[in-house]
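Okay, structure first, notes after.
We count residues from 1, following the sequence as given.
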Amino acid sequence: MARPDEWSEPEELGAPPTESTSNLLQELPPVLKVLGQVVAPATLITALLIFFGWARATALFGWFGIDPTSLGFSSTDYLLTSQDGLFLPGAVIALVVLLLTWGLGSLRRSGRDSILHAAWVSPTAAVVGTALATNGVLGLFGEGVWTDHLVVAPTCLLLGVTLLSVAGQTARGRRPGYSRGVGIAELTALTLVVAMALFWAAGDYAAAVGRGRAAELAGSLHARAQVVLYSDKTLGIAAPGVRTLRCSGESAAYRYRYSGLVLLLNSNGQYVFLPVGWDRRSGSAVAVPKSGQIRLDYRSAGALEDALPTSC
């Protein structure tokens, strides 16, 4: 069995676990064993998808000044919208892992993997890793270099702790006597930090996607499909681009008609509209509770306002 202070060659795919691997699994901290038994992969993935959907929805509707908690979203709603903010980071992470795996495998087969143990690797990784990790930690407090840019802070934290781990492993490869228990503790801490950094980066990206979708929607309100809202009672919708018509005649089913509205959300208990003349600095979204006293007519994108009948 290889000594804990020495680098070990990676096992071939499909090969049976070695004695070293078996012992390592047996010595995993109890918390990891409990997590592996209680938190099923499907449960963890579902929770992550709900979080990313929540981050996207919060950013999107918050951009219009709407508190998402007032919209009555369910877990299913968050799940259905999470893919929009998770596909790209998931694909990028998988691609990076594949490239690293292929690169290290090619380096090993070429026989030039001794470069990983060169004398300059450890100090270089330590210096660069310390700088990156420090910048990532500062990003938690709104400080640091470029940490206000998208996923810069979590990426710095991720790369920084990874390089520090490489520096420590390389240095220990030349110094025997490293405790296995300390190694397991380090692996556990490294795994948690890397997972949190990835979680942080993906959450930031999901929120950025939500804001981007909101800005895209706001910039194309006039070109989007509109709805005509009929109501028994006046709703007092006075907003740029909205036309109000009072229906006349005893046979009129509804008393008021509102046009120039874009349906932003059809939630469980209410409709949320944006006026076609909405402006972020002074505009307001309109929430109308669902009831039997209102009716919606959906119009295709590009339908002319003048095509509506002059009476209702």
Side-chain angles (χ1 to χ4, degrees), residues 43-90 150 199-200 202-242 244 254 256-301:
T43 303
L44 179 59
I45 292 174
T46 301
L48 291 176
L49 290 176
I50 291 176
F51 171 79
F52 295 132
W54 171 84
R56 177 190 179 278
T58 299
L60 191 155
F61 293 104
W63 202 85
F64 293 109
I66 304 171
D67 183 0
T69 60
S70 66
L71 301 177
F73 283 148
S74 64
S75 298
T76 303
D77 295 324
Y78 291 130
L79 283 172
L80 292 176
T81 59
S82 62
Q83 53 82 26
D84 191 24
L86 189 60
F87 178 78
L88 181 60
L150 182 63
F199 193 78
W200 179 11
D204 278 1
Y205 177 78
V209 168
R211 291 189 293 269
R213 296 289 183 266
E216 179 183 348
L217 173 62
S220 60
L221 286 174
H222 285 279
R224 291 185 174 270
Q226 299 180 19
V227 296
V228 179
L229 170 62
Y230 293 87
S231 174
D232 280 349
K233 299 179 180 180
T234 178
L235 299 177
I237 303 177
V242 177
T244 304
Y254 297 91
Y256 297 90
R257 185 183 76 186
Y258 299 90
S259 58
L261 296 169
V262 174
L263 182 62
L264 177 63
L265 176 68
N266 180 0
S267 68
N268 291 330
Q270 62 186 334
Y271 299 106
V272 180
F273 303 98
L274 285 178
V276 292
W278 185 88
D279 179 82
R280 193 181 184 193
R281 291 174 297 179
S282 57
S284 299
V286 180
V288 179
K290 292 182 179 180
S291 71
Q293 297 178 340
I294 64 172
R295 188 191 86 199
L296 299 184
D297 284 357
Y298 294 88
R299 312 184 70 207
S300 60

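When the salt bridge (charged side-chain N to carboxylate O under 4.0 Å, His left out) test is applied to Arg299, no partner is found at least two apart in sequence or on another chain.
In this pair, Phe64 and Trp278 present their aromatic rings perpendicular. The plane angle is above 60°, beyond the 30 to 60° band.
No side-chain heavy atom of Ile66 sits less than 4.5 Å from a side-chain heavy atom of Leu265. Counting only heavy atoms from C-beta outward, the side chains of Gln270 and Leu71 approach each other to under 4.5 Å. Taking the side chain as every heavy atom from C-beta outward, Phe273 and Leu296 approach each other to under 4.5 Å. The side-chain heavy atoms of Asn266 and Lys290, taken from C-beta on, include a pair separated by under 4.5 Å. Using a 4.5 Å cut-off on side-chain heavy atoms (C-beta onward), Leu217 and Trp63 make no contact. Side-chain contact check for Leu261 versus Val242: some heavy-atom pair is nearer than 4.5 Å. Residues Trp54 and Asp77 form no side-chain contact, since every pair of their non-hydrogen atoms from C-beta on lies 4.5 Å or further apart.
Here the closest heavy-atom approach between residue Thr81 and residue Arg56 is recorded as O-CD, 3.3 Å. Across every non-hydrogen atom of Gly236 and Tyr258, the tightest pair is N-OH, 3.5 Å. Between Val228 and Arg257, the closest heavy-atom pair is CG1-CG, 3.4 Å. Residues Phe52 and Gly203 come closest through the heavy atom pair CE2-N, 3.6 Å. The shortest non-hydrogen separation linking Tyr254 to Ser231 is CB-O, 3.7 Å. Nearest heavy-atom pair across Ala59 and Ala207 is CB-O, 3.1 Å.
Within the 6.0 Å centre-distance limit, the rings of Phe51 and Phe199 are counted as a close aromatic pair.
Residue Asp67 holds its CG atom at 8.5 Å from OG1 of Thr58, rounded to the nearest 0.5 Å.
Between the side chain of Ser82 and the main chain of Leu79, a donor-acceptor pair closer than 3.5 Å is present. Counting only distance, with no hydrogens or angles, the side chain of Tyr271 and the backbone of Leu229 share no donor-acceptor pair below 3.5 Å.
Annotation: cation-pi pair Lys233/Tyr256 absent, no NZ/CZ under 6.0 Å from the ring centroid and within 45° of its normal.
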